[in-house]
Amino acid sequence: MRVEARAKINLTLEVFGKRTDGYHALRSVVMPISLADFLEIEEASSLSSDTGYDDDLCLKAARALDPTRGARIHVEKRIPAGGGLGGGSADAAATLIALNELWGLGRSRTELAEIGAQVGSDVPALVLGGAVLMEGRGERVQDLRL
């Protein structure tokens, strides 16, 4: 299965100080853009990814979704790392959406966004897609599409 993992931009960003968990409290309007990574995902007996990152968010997302299942994840990187475009989070969000379908889990986008909050701050917004209001450390998202 080949899926697109779209980068994001913050149209607005307000930072309100540090929370007790070490993250900053924020409020941001986030929107996906056309720049994207592409993921090739297939079922496998074990879980693997070729991102090369020590903190591989694709693997973290897959384990959060179902730690008993396997998949092989290939990432074609186009989103530059460290640019604030949410590349790793986009890959994690795409992994959740694709594996939900591939594994036949039937989770809603809202459920996947909740799982994504365990993986990274931008993941819930990117799971929902479209313009969203993101609050807290990113775990609270509200769809802004009419």
Side-chain angles (χ1 to χ4, degrees), residues 1-41 47-69 71-146:
M1 166 183 297
R2 184 174 170 84
V3 295
E4 183 179 57
R6 293 177 66 190
K8 59 87 180 169
I9 58 170
N10 296 75
L11 298 175
T12 66
L13 178 61
E14 299 172 88
V15 181
F16 300 107
K18 241 179 192 172
R19 298 163 27 132
T20 57
D21 60 8
Y23 287 93
H24 283 88
L26 58 88
R27 180 173 33 223
S28 180
V29 174
V30 175
M31 182 86 163
I33 59 175
S34 60
L35 179 64
D37 291 342
F38 291 91
L39 282 66
E40 293 278 347
I41 301 177
L47 188 59
S48 66
S49 167
D50 65 357
T51 67
Y53 294 109
D54 291 336
D55 184 23
D56 188 319
L57 294 184
C58 293
L59 294 179
K60 191 173 178 182
R63 288 185 189 112
L65 184 61
D66 187 339
T68 68
R69 307 287 294 262
R72 188 172 306 112
I73 304 166
H74 167 72
V75 180
E76 183 183 319
K77 287 299 290 175
R78 294 185 178 180
I79 303 169
L85 298 172
S89 294
D91 296 342
T95 297
L96 287 171
I97 293 165
L99 289 178
N100 183 54
E101 182 180 332
L102 189 66
W103 292 341
L105 301 177
R107 304 266 179 116
S108 70
R109 286 285 177 118
T110 302
E111 290 173 304
L112 293 176
E114 290 171 3
I115 293 167
Q118 302 168 36
V119 177
S121 296
D122 290 331
V123 178
L126 293 164
V127 165
L128 290 183
V132 298
L133 174 65
M134 181 172 73
E135 295 181 292
R137 66 164 180 78
E139 78 281 9
R140 294 191 321 266
V141 291
Q142 177 185 347
D143 192 339
L144 295 177
R145 293 174 287 188
L146 298 175

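None of these values were measured; they are calculated from a predicted model. Below, each value reflects all heavy atoms present in this structure, side chains not excepted, and no hydrogens, waters or symmetry copies.
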request  = Evaluate side-chain contact (heavy atoms from CB on, under 4.5 Å) for Tyr23 paired with Lys18, printing each intermediate quantity in order.
outcome  = CA-CA 6 Å; Tyr23 287 93; Lys18 241 179 192 172; over 6 Å; no
message = Using side-chain contact (heavy atoms from CB on, under 4.5 Å), reason through Ile73 and Thr95 one step at a time and then give a plain yes or no.
response = CA-CA 8 Å; Ile73 304 166; Thr95 297; 4.0 Å; yes
request  = For the pair Leu11 and Val30, evaluate side-chain contact (heavy atoms from CB on, under 4.5 Å) and give the outcome as yes or no after the intermediate values.
outcome  = CA-CA 6 Å; Leu11 298 175; Val30 175; over 6 Å; no
inquiry  = side-chain contact (heavy atoms from CB on, under 4.5 Å) for Arg69 and Leu102? Distances and angles first, verdict last.
reply    = CA-CA 11 Å; Arg69 307 287 294 262; Leu102 189 66; over 6 Å; no
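Just one of Asn10, Thr12, Asp122 meets the side chain to side chain donor-acceptor pair (under 3.5 Å) condition when paired with Ser28; it is Asn10.
For the residue pair Leu126 and Arg6, the shortest heavy atom distance occurs at CD2-O, 3.7 Å. The shortest non-hydrogen separation linking Gly106 to Asn100 is N-OD1, 3.4 Å. When all heavy atoms of Arg19 and Arg137 are compared, the pair lying nearest together is NH1-N, 3.3 Å. Closest heavy-atom contact between Pro124 and Glu139: CG-CA, 4.3 Å. The two atoms that bring Val127 and Arg109 nearest to each other are O-NH1, 2.7 Å, heavy atoms only. Here the closest heavy-atom approach between residue Ala98 and residue Val3 is recorded as CB-CG1, 3.9 Å.
Remark: Glu101 pairs with Met1 by the side chain to side chain contact (heavy atoms under 4.5 Å, CB included) rule, at least two apart or across chains.
Within the structure, the side chain to side chain donor-acceptor pair (under 3.5 Å) test picks out the following pairs touching residues 72-89 (sequence neighbours left out): Asp37-Lys77, Glu42-Arg72, Asp50-His74, Glu76-Arg78, Lys77-Asp91.
The number of heavy atoms from other shown groups lying within 6.0 Å of CZ (Phe16) is above 12.
Going from atom CH2 of Trp103 over to atom CD1 of Ile41 covers 9.0 Å, rounded to the nearest 0.5 Å. Here Leu128 contributes atom CG and Asp143 contributes atom CG; the two are 6.5 Å apart, rounded to the nearest 0.5 Å.
Proximity of Leu59 to Leu47: side-chain heavy atoms (C-beta onward) are separated by under 4.5 Å at one or more points.
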